[in-house]
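All remarks here apply to the structure that follows.
Numbered from 1 within each chain, the chains take letters A, B, ... in sequence-line order.
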2 protein chains.
Amino acid sequence: MEIELQVTYQEKAMKQLQADADKIGQLIKVQMDHLTMPQCPLYEEVLDTQMYGLSREIDFAVKLGLVDRIKGNEILSILEKEMTVLHELYTTK
Amino acid sequence: MEIELQVTYQEKAMKQLQADADKIGQLIKVQMDHLTMPQCPLYEEVLDTQMYGLSREIDFAVKLGLVDRIKGNEILSILEKEMTVLHELYTTK
């Protein structure tokens, strides 16, 4: 039972982080779909703020032993790659 | 044993949040101790960023069921009061 509960918290933590990461992924997608619209100078700031928030959640979960550091970094690095693609699309437009 | 482990994660979560809150409290204190020095325009931004990070950690912990919403809000509201005092000291100086 002890291990079961541990797994529950760990699963919950990963699910929550993934849900928050998905929200950022959605923001990036929306921004990509609207590349032809007038550029919104705030989108980078909004994304940066959200990324910072997510990284704080991940650090917290890692410190508690709920999430593996490598797993946590993976979540961030996937989003960072998407953001780089978005940034390049904007700058080459 | 199940309850014990639950308490462990909950205790860890509260300790970590309190440690992060203490860091912000320390930042506020340092700023208060240096009121006579040339005003640093970035201190408010630094504090706001740190407060946002802490609030994201608290939301995360509350969603996982590790921390009580009321307890979490208390941590933030104590810091907000300290920030108000600091802000007033600056504006009345």
Under-4.0 Å salt bridge between A:D20 and A:K23: yes
- request: Select one option (side chain, backbone, both, neither) describing which atoms of B:S55 are under 4.5 Å from chain A's heavy atoms.
  value: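 For B:S55, there is no contact with chain A at all, as no heavy atom is under 4.5 Å.
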Part of B:L17 within contact of chain A (heavy atom distance under 4.5 Å):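 B:L17 touches chain A through backbone and side-chain heavy atoms alike.
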Are [X] and [Y] grouped together when hydrophobic residues (ILVMFWY) are joined by side-chain heavy atoms under 4.5 angstrom apart?
{"X": "A:L54", "Y": "B:Y52", "answer": "no"}
{"X": "B:L89", "Y": "B:I28", "answer": "yes"}
{"X": "B:M32", "Y": "B:L27", "answer": "yes"}

Check: If you count heavy-atom pairs under 4.5 Å between each of B:E57, B:K63, B:K12 and chain A, which one has the most?
Finding: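 Looking at each option in turn, the highest pair count goes to B:E57.
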